[in-house]
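Everything below concerns the one structure shown next.
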Amino acid sequence: MNKLFALVDCNNFFVSCERVFNPKLENKPVVVLSNNDGCIISRSNEAKSLGLKMGSPFFKLKDFLKQNEVTAFSSNYSLYGDMSQRVMSILAKFSSNIEIYSIDEAFLDFSGFDYYNIKNYAREIKRIVFQWTGIPVSVGVGTTKTLAKIATHIAKKNDILKGVFIIKDEKELNSFLKDIPVNEVWGIGKQFNKKLIANNINTVFKLKNAEQQWIKKNFGIVGLRTIKELNGLSCISIERVARNKKGITSSRSFGKPVTEYEDLRQAISSYITTASRKLRKQKSLANILTIYILTNRFDKEHFYYNHKVIKLPLPTNNTSTFITFASEALRNIYVDGLKYKKAGIMLSEIIPEEHTQLSLFDNVDIKKSNILMTTIDNINEKMGTGTIKSASEGFDKKWKMKSEMRSREFTTCWDDILEV
DNA sequence: TCTGGGGTCCTAGGACCC
DNA sequence: TCTGGGGTCCTAGGACCC
């Protein structure tokens with residue numbers, strides 16, 4: 001059976017989510033900012049045409065955005081997450097074998113769909129997703145995931161294709177590949193790009209035809225796989241079920257600098273709450289907790305970073321246990337008088353719950369703690385995050401992130417539902 | 001004043017084994 | 001003159017992705 005993959009990619013996803021609930025923004029330049037209103041992370045086509053770059057800092061562009069009447073939004077992840085789920089659940093109707101690759105992309109296995117008219121099928125996906133959610137998507141189809149990615153890129157860049165491109169004819173494909181810069185390929189990042197260009201491989205076409213031994217030597221097995229995929233040999237398969245995380249991180253920059261130990265401890269406690277809930281959700285325990293704090297990394301002269309790795313006596317997923325150890329460790333790395341900009345925590349050496357090695361005497365306590373954690377998780381799930389929380393998270397949250405241009409939670413909060 | 005957050009995989013080198 | 005030949009495991013760092 002010939003393999004065939006589709007990649008469905010939401011166009012300018014975060015901006016598109018905002019537009020669904022604010023149609024006046026159609027055809028106007030719009031951007032969405034990262035947490036803390038830091039950088040531009042999603043741009044409408046109009047914003048792209050103004051030359052706004054992905055990842056550029058908002059504060060440097062404020063005037064420019066005003067002059068050009070660009071609407072900016074703080075990120076609203078509960079909205080985007082919910083819209084994403086709606087899109088994905090529709091896509092699942094079009095193939096039983098689907099991999100949700102990111103918040104705005106999914107691979108669909110089309111292997112064995114030979115008797116379908118693939119182009120019509122892809123157009124139907126695009127039409128239905130838009131009709132049911134208001135989100136515009138592009139669809140690319142190829143015999144490998146890497147080719148499907150490229151196909152989506154081609155679909156987006158060429159208006160005449162109307163958002164759908166199926167790779168069928170090698171000659172036709174090559175004519176496109178001759179004009180696509182090599183860093184558009186999935187798996188070719190900044191460093192690989194530099195190295196390839198230095199060797200005069202600057203288009204996808206040249207990369208596709210590069211000498212495989214040379215690629216393997218210079219770009220390792222990963223690079224070789226990419227070339228093989230470009231040539232139609234499928235090396236990366238669909239991963240239907242999300243694997244359990246091997247590390248769970250939670251970190252945030254602060255809205256304004258934090259100086260007090262107590263505020264840092266609050267921030268760290270709330271990151272632990274977030275991360276340990278994820279840990280419990282995947283029914284795992286962590287052996288290692290790492291905490292870190294840092295000052296403004298752009299002020300190189302006064303930059304301070306420190307972290308502490310805590311090996312827990314027993315693997316756990318108990319929020320209070322983590323917080324107890326973290327508070328202790330924080331004392332070791334906290335330096336008085338500094339302006340902290342960010343803090344974070346990481347859970348690692350993650351194992352499945354059932355692998356616990358219970359010590360003879362802790363048995364009962366662990367059972368109790370499990371019941372408590374499950375109860376708290378259930379209440380928070382039902383009544384909203386933060387309904388029950390640990391006192392060490394604090395109530396005033398002086399350190400909370402900036403989010404001054406946030407839209408409403410149109411789809412996930414009763415009070416925010418759109419009124420007509 | 002202001003510059004995001006969360007992941008995965010691979011490789012090279014060292015320690016250690018028989 | 002001459003100095004084996006495999007392995008495994010771990011870690012740090014570097015690449016990539018969205």
Side-chain angles (χ1 to χ4, degrees), chain A residues 7-10 12-14 31-42 52-65 72-77 80-81 84 88 99-107 145-146 149 152-153 182-196 216-226 229 235-236 239 242-258 267 271 274-275 278-279 282 288 290 292 294-300 303 307 309 339 341-350 401-405:
Chain A
L7 175 70
V8 182
D9 193 331
C10 301
N12 314 331
F13 183 55
F14 297 168
V31 296
V32 173
L33 307 174
S34 62
N35 275 336
N36 233 8
D37 296 342
C39 303
I40 292 178
I41 51 167
S42 180
L52 291 168
K53 295 270 175 295
M54 185 74 173
S56 41
F58 175 57
F59 79 95
K60 285 186 180 170
L61 293 163
K62 261 185 185 160
D63 292 339
F64 180 85
L65 298 182
F73 286 97
S74 304
S75 41
N76 183 348
Y77 283 102
Y80 312 150
S84 172
M88 298 307 168
E99 172 184 346
I100 297 170
Y101 180 65
S102 74
I103 193 162
D104 68 339
E105 279 172 76
F107 286 104
K145 282 168 124 183
T146 305
K149 273 261 191 189
T152 309
H153 174 85
V182 73
N183 63 331
E184 292 295 343
V185 176
W186 190 40
I188 305 297
K190 233 178 171 178
Q191 301 305 314
F192 283 13
N193 185 45
K194 232 196 248 171
K195 218 158 134 187
L196 286 168
K216 173 144 196 247
K217 209 175 129 203
N218 289 279
F219 301 89
I221 189 88
V222 184
L224 183 62
R225 203 160 55 194
T226 298
E229 284 243 324
C235 307
I236 310 168
E239 294 218 16
R243 276 180 291 182
N244 277 351
K245 303 263 177 282
K246 295 170 182 168
I248 297 173
T249 305
S250 180
S251 69
R252 290 285 181 281
S253 299
F254 305 132
K256 47 188 172 187
V258 161
Y271 305 154
T274 307
K278 283 189 193 168
L279 185 66
Q282 68 169 42
I288 298 214
T290 305
Y292 59 91
L294 52 141
T295 59
N296 187 350
R297 68 180 201 275
F298 295 96
D299 182 2
K300 296 212 167 78
F303 182 60
H307 74 282
V309 179
K339 289 181 178 169
K341 191 69 186 77
K342 182 177 177 177
I345 72 110
M346 192 189 342
L347 302 175
S348 48
E349 281 198 10
I350 290 176
M401 65 182 186
K402 228 188 321 187
S403 184
E404 289 167 350
M405 296 153 286

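Hydrogens, waters and symmetry mates play no part in the numbers below; they use all other heavy atoms, side chains included. Chain letters run A, B, ... following the sequence lines, proteins first and then strands; every chain starts at 1.
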Check: K278(A) side chain, K245(A) main-chain N or O, donor-acceptor pair, under 3.5 Å: no
Sugar-phosphate, base or nothing in reach of F192(A), heavy atoms under 4.0 Å: sugar-phosphate
Short side-chain to backbone donor-acceptor contact, K342(A) and T295(A), under 3.5 Å: no
Sugar-phosphate, base or nothing in reach of K278(A), heavy atoms under 4.0 Å: sugar-phosphate
Distance in angstrom units between L52(A) CG and dT3(B) P, rounded: 18 Å
Per R243(A) side chain, nearest of listed nucleotides dC18(C), dT11(B), dT8(B): dT8(B)
Sugar-phosphate only, base, or nothing, as touched by N35(A) at under 4.0 Å among non-hydrogen atoms: sugar-phosphate
Residue met sooner reading DNA chain B from 5', once G38(A) and N244(A) are mapped to nucleotides: G38(A)
Under 3.5 Å: donor-acceptor pair, side chain of S74(A), backbone of D37(A): no
N or O in side chain of K195(A) less than 4.0 angstrom from dA15(C) OP1/OP2: no
Protein-nucleotide distance (E239(A), atom CD; dC9(B), atom P), rounded to Å: 8 Å
F298(A) aromatic ring stacked with six-membered ring of dT3(B), 5.5 Å and 30°: yes
Any S251(A) side-chain N or O less than 4.0 Å from OP1/OP2 of dG4(B): no
Donor-acceptor contact below 3.5 Å, side chain E229(A) vs main chain I236(A): yes
Protein-nucleotide distance (R252(A), atom CZ; dC2(B), atom C1'), rounded to Å: 18 Å
Heavy-atom side-chain contact between F192(A) and V185(A) under 4.5 Å: no
Given N36(A), N35(A), T274(A), the one that forms side-chain contact (heavy atoms from CB on, under 4.5 Å) with R252(A): N35(A)
Sugar-phosphate only, base, or nothing, as touched by I188(A) at under 4.0 Å among non-hydrogen atoms: sugar-phosphate
Under 3.5 Å: donor-acceptor pair, side chain of S348(A), backbone of G247(A): no
Phosphate OP1/OP2 of dG5(B): any S34(A) side-chain N/O under 4.0 Å: no
Nucleotide of dG5(B), dC10(B), dC16(C) approaching K342(A) most closely (side-chain heavy atoms): dG5(B)
Sugar-phosphate, base or nothing in reach of V32(A), heavy atoms under 4.0 Å: nothing
R225(A) side-chain N/O to dC10(B) phosphate OP1/OP2 under 4.0 Å: yes
Residue closer to the 5' end of DNA chain B, T249(A) versus F254(A) (nearest nucleotide): F254(A)
Touch class at under 4.0 angstrom, heavy-atom based, for K245(A) against every strand present: sugar-phosphate
Sugar-phosphate only, base, or nothing, as touched by K341(A) at under 4.0 Å among non-hydrogen atoms: sugar-phosphate
Where DNA chain B forms stems, i.e. three or more consecutive Watson-Crick or G-U pairs with both distances under 3.5 Å: B:5-18 with C:5-18
S75(A) side-chain N/O to L33(A) backbone N/O, donor-acceptor pair under 3.5 Å: yes
Sugar-phosphate only, base, or nothing, as touched by F219(A) at under 4.0 Å among non-hydrogen atoms: nothing
Backbone N/O of I103(A) and side chain of S84(A): donor-acceptor pair under 3.5 Å: yes
Centroid separation Y77(A) to F14(A) less than 6.0 Å: yes
Rounded distance in Å - OH (Y77(A)) to C1' (dG5(B)): 7 Å
Euclidean distance, atom NZ of residue K62(A) to atom C1' of dC2(B) [Å, nearest integer]: 7 Å
Sugar-phosphate, base or nothing in reach of I103(A), heavy atoms under 4.0 Å: nothing
Distance in angstrom units between N193(A) CG and dC17(C) P, rounded: 10 Å
Whole angstrom value for the distance that separates P of dG14(C) from NZ of K194(A): 13 Å
Sugar-phosphate only, base, or nothing, as touched by K149(A) at under 4.0 Å among non-hydrogen atoms: sugar-phosphate
Spacing between K246(A) atom NZ and dC9(B) atom C1', to the nearest angstrom: 8 Å
Sugar-phosphate, base or nothing in reach of G247(A), heavy atoms under 4.0 Å: sugar-phosphate
OP1 or OP2 of dG4(B) under 4.0 Å from side-chain N/O of R297(A): yes
Sugar-phosphate, base or nothing in reach of D104(A), heavy atoms under 4.0 Å: sugar-phosphate
Sugar-phosphate only, base, or nothing, as touched by S56(A) at under 4.0 Å among non-hydrogen atoms: nothing
